[in-house]
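This report refers to the structure that appears directly beneath it.
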Amino acid sequence: MLLPQPSSHGSLEKTLNRADYRTIEMAVHAFDERAWRLSGEEGIAARVGLSREHLNSLFVQWAGVGLSLFMQGLSVQHIRKKLEEAGELSAFSPLPERRCQVRSLPFGQGKRLGAGLAITYGCYPTPFGDCLLAMTGAREICHLSFVDGEDGLSARAELGQTWPQATIITDNRGCTTLVERIFSPAGTESLQPLRLLVSGTTFQLKVWQALCVLPRGAMISYEGLAASMGHPTACRAVASAVAANPVSYLIPCHRVVRKSGEIHHYRWGSSRKKMMLGWEACVS
DNA sequence: TTGAGTCTTGATG
DNA sequence: CATCAAGACTCAA
């Protein structure tokens, strides 16, 4: 059974269709500081196969700033500065208002996880490509991921593995407005707190919970996050927990980066992570 | 670039 | 249970 297709024209103007997503992803991927110094906008446009003007206007439309400014926000120098400004999560507390309430199901149910749960899911366009959003009958968000390729079967399979015993139903319209708001430049601040449902080890829950205080536009290093939780030497373990985040974006694992200022791994592609962080830096 | 330190997880006996 | 290998890391050679 195929994943439902997102409507090609979201009413949210920042939303990207697949072609534009690929273009921007390619541009972000092509960016590195040495190449930038060497050939600048012209070089990146060439790599993408567009004119400099065309590529630039695409960025303006999507992120509100041109290519140069956007890439500047992703420079190691800029990111390192942000990391130093706020070394630990305590820099962000007291949390303004909890945007996400995370409820957890006991870990260890194993293969019986999700029994009795009715989950509807759909595929929706976002500024970072198509996403798959899943929600329980009680309107708790229990999965949010990004879809690559045409069919999105792997994203659908992952949802099934997360909640093996749940009844999973397709509904491609139900959450259109919600997704628009989640990914709107205004962000979720204006929304009622969103309710999330997740399952993980105690340690993972602690990490995911902690991440929720990170506001948009902010970043923290894996080490800083570890220190925030009283395990200053456990950055490797913390990174594993961050990597297991089942509700992307809302649990903002993309805001955790290397202490060096480099943006490395992301479950849905490091280019997507760069797109998110660059975009958030612009619209925030 | 490489290796060692550090801690959680999941697989294996 | 005990052990082992493998990470979205970091730091020092």
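- Taking a pair as Watson-Crick or G-U wobble with both distances under 3.5 Å, the runs of three or more consecutive pairs in DNA chain B are B:1-5 with C:9-13, B:7-13 with C:1-7.
- Remark: P of C/dA8 and NZ of A/K274 are 17 Å apart, rounded to the nearest angstrom.
- In the set C/dA8, B/dC7, C/dC9, C/dA8 carries the atom at the smallest distance from any side-chain atom of A/W268.
- Side-chain contact annotation: A/R236 with A/Y222, donor-acceptor N/O pair under 3.5 Å absent.
- Taking every heavy atom of both residues into account, A/Y249 and A/L144 meet most closely at CB-CD2, 4.5 Å.
- Distance A/R80 CZ to C/dC9 P: 16 Å, rounded to the nearest Å.
- Distance, A/N245 CG to C/dG7 P: 19 Å, rounded to whole Å.
- The closest side-chain donor-acceptor pair between A/S68 and A/E41 falls under 3.5 angstrom.
- Partner of A/H254 under the side chain to side chain donor-acceptor pair (under 3.5 Å) criterion, out of A/R272, A/K273, A/E280: A/E280 alone.
- Among the heavy atoms of the strands lying under 4.0 Å from A/R258 are primed sugar atoms or P, OP1, OP2 only; no base atom is included.
- Remark: C1' of C/dG7 and NE2 of A/H265 are 9 Å apart, rounded to the nearest angstrom.
- For the residue pair A/E223 / A/S221, no side-chain donor-acceptor distance below 3.5 Å is found, with atom types taken as modelled.
- One side chain, A/Y121 or A/T170, offers a donor N or O that lies under 3.5 Å from an acceptor on the other.
- Position along DNA chain C of the nearest nucleotide to A/C253 versus A/K259 favours A/C253 as the more 5'-ward residue.
- A/E262 has its CD atom 12 Å from the P atom of C/dC11, to the nearest Å.
- Taking the six-membered ring where tryptophan is involved, the planes of A/H231 and A/F203 are perpendicular, since the angle between them exceeds 60° and thus also 30°.
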What do the steps show when you test A/M276 against A/Y266 for side-chain contact (heavy atoms from CB on, under 4.5 Å), and what is the final call? CA-CA 11 Å; A/M276 288 176 171; A/Y266 187 59; 3.5 Å; yes

Full working for side-chain contact (heavy atoms from CB on, under 4.5 Å) between A/W62 and A/S57: CA-CA 8 Å; A/W62 172 62; A/S57 73; over 6 Å; no

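- Note: NE2 (A/H264) to P (C/dA8) measures 13 Å, nearest angstrom.
- For the pair A/Y266 OH and C/dA8 P, the computed distance is 14 Å after rounding to whole Å.
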Report each atom pair, protein N/O against N/O of nucleotides 8-12 of chain B, whose distance is under 3.5 angstrom.
from  : atom 1 : to     : atom 2 : distance (Å)
B/dT9 : OP1    : A/T201 : OG1    : 2.1

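- In this structure, A/R236 places its CZ atom 13 Å from C1' of C/dC11, rounding to the nearest Å.
- Counting distance only, with no hydrogens placed and no angle test, the side-chain atoms of A/Y222 and the base atoms of C/dA8 include a donor-acceptor pair under 3.5 Å.
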